Amino acid sequence: MACKICGGEVEMRKYTAEICEEDFGKEIELYGWVHEIRDLGGLVFLVLRDREGFAQITLPKKVVDRELFKKARKLRRESVIKVFGQVKEEKKAPNGFEIIPREIEILNVSDAPLPLEVTEKVPAELDTRLDNRFMDLRKPKIQAIFRVRHAVVQALREFFDRHGFIEVQTPKIVSTATEGGTELFPISYFEREAFLNQSPQLYKQTLMAAGFEKVLEIGPIFRAEEHNTVRHLNEAISVDIEVSFVDHEGVMRYLEEAVREVYEKVNERCERYLGWIGVDLEVPDTPFERLSYDDAVEIARKKGEDVNWGEDLSTSALKLIAEDYGGYYFIVDWPTESKPFYAMPYESDPEISKTFDLMKGWIEIASGAQRIHKYDLLVKRMRDQGLSPENFGFYLETFRYGMPPHAGWGMGLDRLMMAILGLQNIREAVLFPRDRHRLVP
RNA sequence: GCCCGGGUGGUGUAGUCCGGCCUAACAUGCGGGCCUGUCGAGCCCGCGCCUCGGGUUCAAAUCCCGGCCCGGGCGCCA
């Protein structure tokens, strides 16, 4: 049989989940980890685990080779093995079949005790799990999160590709604390100081000036905030778009349709993995409801929350609002002063801006706006917010030579994963999360 | 960063309030033994733990102070 990778005469990799009736009576080769060993004396059951599932390897003492039998019962959990044997239909076995091995090769033994139980007989705390993430990720239920995450990213790329977006990569090492607001991580850049970028915002807009018209970027963002919550990370993945010749409503439509399509495709492509996690996905209806900032404030106030108009909504206010809005919804038309300098104020009422946050319950998933494309207004807004236009050299220049009107948003991919899978902690959605205290692994 | 709660075998818990009967318990694991249909296998024997530093006391896992670490809530957060 030809190898999928090199094309040579190599036995093709077969996963446990691919074993079917056609294989009954045939000899196959499996690779994986020893998930469990059940030694009944005259009969030994091994459970082999690979990426896609499990297979029971059965060794009846009277049937298999004596040395092989002795070797199998001495195996340690999580050792890596190769099994060559016959697939036998067996109603008493899980999935209706078992493998009677002719050969078991130990490719690598595992030490004991394990840092945590892959079988999940004993739960482990998130911190212990993250300290030993490679082992934690061996749990099908945990690995499934990342199979879904893969499908989510694929779905987003497909959606935006189909709509004519150009996927780009912008610098993550930048020269100045550009936007203000959040803290940046300083780094050493040869003889100068530089920073890790907090957002691709200024570069996305620069590409509007460059005439790209529709861009997508999926990449890391860095925030040096000392927050310590279940929904913040210091390194996150942001899905960003920027579109020319549309307003904020235009990019909100891309956002809600993209989210809906992500749900559809995850349902289509990840049925097994959703099953492992135990999640039943309901595709949200579009369009998502638009709730104005004013109305949101009103809801929170009616429930007894003290909200100052003009400020960002507090966690407690958002939780009150989420009592009425559990699914996806937009909070729109935020006070101009509460949003970044590049957000476009309404001509009719400059106190509010063409801005929106996409919410899922009380958690902010994305935020965006129509941007200011006029040089003079942009400079004025920078000054209003206490920023120095001199620090925005390359960015400001792009507004002098034909910057089209444009709008865009940034969405936290990790937050979207939380929303889709109902994860209680954002760290669950990330392979190797970076938070206030965790830099390893 | 603030407030509150916590740190006990590899893992997850009990014990701490009310100091002594804790030579620290249970589950899982690990080592050994028995067992031919397990799938949370079962049974028997064994192994392995009080976060660190200081203090109080005849006596500290237990009380007090400090450090480190963790959890929950909040703040900060394009």
Side-chain angles (χ1 to χ4, degrees), chain A residues 35-47 54-64 69 73-74 76-78 88 90-96 98 110-132 135-136 174 177-184 197-205 221-234 236 238 240 242 311-319 334 338-343 355 357 363-364 366-369 371 385 387 408-412 415 424-425 427 435-438:
Chain A
H35 189 66
E36 280 184 287
I37 304 154
R38 279 188 282 274
D39 182 356
L40 274 63
L43 182 65
V44 174
F45 296 104
L46 293 182
V47 179
F54 302 95
Q56 175 167 291
I57 316 298
T58 307
L59 297 98
K61 196 174 187 175
K62 288 179 183 164
V63 175
V64 300
F69 185 81
R73 65 192 305 188
K74 291 293 163 217
R76 268 207 297 245
R77 292 151 81 227
E78 297 306 317
K88 191 183 144 208
E90 175 56 69
K91 291 206 169 58
K92 284 178 280 186
N95 307 322
E98 61 192 15
S110 170
D111 259 348
L114 303 168
L116 48 83
E117 306 276 326
V118 179
T119 53
E120 294 189 272
K121 283 178 193 165
V122 179
E125 284 189 6
L126 183 59
D127 203 50
T128 306
R129 291 173 41 211
L130 293 175
D131 282 342
N132 303 282
M135 186 70 62
D136 185 50
V174 297
T178 45
E179 295 173 52
T182 196
E183 293 290 322
L184 299 178
N197 208 179
Q198 64 186 104
S199 143
Q201 183 59 31
L202 307 187
Y203 289 98
K204 285 193 300 176
Q205 291 192 259
I221 56 172
F222 305 91
R223 306 279 163 91
E225 296 294 337
E226 303 227 346
H227 37 45
N228 204 198
T229 78
V230 294
R231 61 187 188 287
H232 286 98
L233 291 171
N234 296 289
S238 180
D240 270 89
E242 203 67 30
E311 288 176 7
D312 204 354
L313 297 168
S314 68
T315 306
S316 51
L318 289 171
K319 282 183 176 171
W334 290 73
S338 74
K339 287 290 178 184
F341 66 85
Y342 48 77
T355 49
D357 280 7
I363 293 187
E364 179 191 332
S367 102
R371 324 298 192 185
Q385 299 219 346
L387 298 167
W409 46 254
M411 170 166 66
R415 292 236 180 131
Q424 296 304 302
N425 194 314
R427 294 163 182 82
D435 62 30
R436 177 68 185 85
H437 302 289
R438 183 173 292 281

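Because the structure is a prediction, the values reported are computed rather than measured. Order of the sequence lines sets the chain letters (A, B, ...), proteins ahead of strands, with each chain counted from 1.
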Contact list (N/O, under 3.5 angstrom) for nucleotides 9-14 of chain B vs protein:
unit_1	atom_1	unit_2	atom_2	d
B:G10	O2'	A:Leu114	O	3.1
B:G10	O2'	A:Pro115	O	3.4
B:G10	N2	A:Glu117	OE2	2.6
B:U11	O2'	A:Pro123	O	3.1
B:G12	OP1	A:Glu125	N	3.0
B:G12	OP1	A:Thr128	OG1	2.8
B:G12	O4'	A:Pro123	O	2.9

Under 4.0 Å between any heavy atoms, over every strand shown, what does A:Lys92 touch: base, sugar-phosphate, or nothing? Just pick one. base

Atom-pair distance (NE2 on A:His35; P on B:G40), nearest Å: 11 Å

Answer with base, sugar-phosphate or nothing: what part of the nucleic acid does A:Asn228 contact at a heavy-atom distance below 4.0 Å? base

Compare side-chain N and O positions of A:Arg38 against OP1 and OP2 of B:A41 and report whether any pair is under 4.0 Å apart. yes

Donor/acceptor link under 3.5 angstrom from A:His232 side chain onto base of B:C77: yes

Taking CG from A:Asp39 and P from B:G37, how many angstroms apart are they, rounded to a whole number? 13 Å

Picking from B:C35, B:C74, B:G37, which would you name as closest to the side chain of A:Thr315? B:C74

Please measure how far the C1' atom in B:G71 lies from the corresponding atom in B:U13, and state the result in whole Å. 16 Å

Among B:C35, B:G75, B:G71, which nucleotide has an atom closest to any side-chain atom of A:Asp127? B:G71

Tell me: NZ of A:Lys61 to P of B:G37, nearest whole Å? 14 Å

Tell me which nucleotide among B:C70, B:A41, B:G72 gets nearest to the side chain of A:Leu40. B:A41

For a quick test of reading the model, state the closest non-hydrogen atom pair linking A:Trp334 to A:Lys339 and the distance between them. CG-CE, 3.5 Å

Over all strands shown, is A:Lys62 touching base, sugar-phosphate only, or nothing at heavy-atom distances under 4.0 angstrom? base

C1'-based separation of B:G12 from B:G6 [nearest Å]: 15 Å

Under 3.5 Å donor-acceptor pair, A:Glu225 side-chain atoms to B:G1 base atoms: no

Base, sugar-phosphate or nothing for A:Glu78? Non-hydrogen atoms, less than 4.0 Å. nothing

Separation of atom CD1 in A:Ile37 from atom P in B:G29, rounded to whole Å: 11 Å

Looking for any heavy atom pair under 4.0 Å, which part of the strands does A:Arg438 touch: base, sugar-phosphate only, or nothing? nothing

Taking distance alone, no hydrogens or angles, what donor-acceptor pairs closer than 3.5 Å link side-chain atoms of residues 114-121 of chain A to residues at least two apart or in another chain?
unit_1	atom_1	unit_2	atom_2	d
A:Glu117	OE1	A:Arg77	NH2	2.8
A:Lys121	NZ	A:Glu36	OE2	3.2

Please state how far atom CD in A:Glu226 lies from atom P in B:C3, giving the value in whole angstrom units. 15 Å

Side chain of A:Gln56: nearest nucleotide among B:U38, B:C30, B:G29? B:U38

For A:Lys319, which contact category applies under a 4.0 Å heavy-atom criterion: base, sugar-phosphate, or nothing? sugar-phosphate

Shortest non-hydrogen contact from A:Trp409 toward A:Glu242: N-OE1, 4.4 Å

To check you understand the geometry: which heavy-atom pair defines the closest contact between A:Glu311 and A:Ser338, and what is its length? C-CB, 4.4 Å

Side chain of A:Thr229 only, heavy atoms from C-beta on: which candidate in B:G75, B:A41, B:G31 is closest? B:G75

Any non-hydrogen side-chain atom of A:His232 less than 4.5 Å from a side-chain atom of A:Arg415? yes

Among B:G32, B:A41, B:G72, which nucleotide has an atom closest to any side-chain atom of A:Lys74? B:G32

4.5 Å side-chain heavy-atom contact, A:Phe222 and A:Val174: no

Please report, rounded to the nearest Å, how far the P atom of B:C76 is from the CG atom of A:Leu313. 12 Å

Ranking B:G37, B:C30, B:C77 by distance to the side chain of A:Arg77, first place goes to B:C30

Among A:Lys92, A:Glu98, A:Lys88, which residue meets the side-chain hydrogen bond (donor to acceptor under 3.5 Å, both in side chains) test with A:Thr58? A:Glu98

Work out how far the C1' atom of B:G9 is from that of B:A25, and round it to whole angstrom. 12 Å

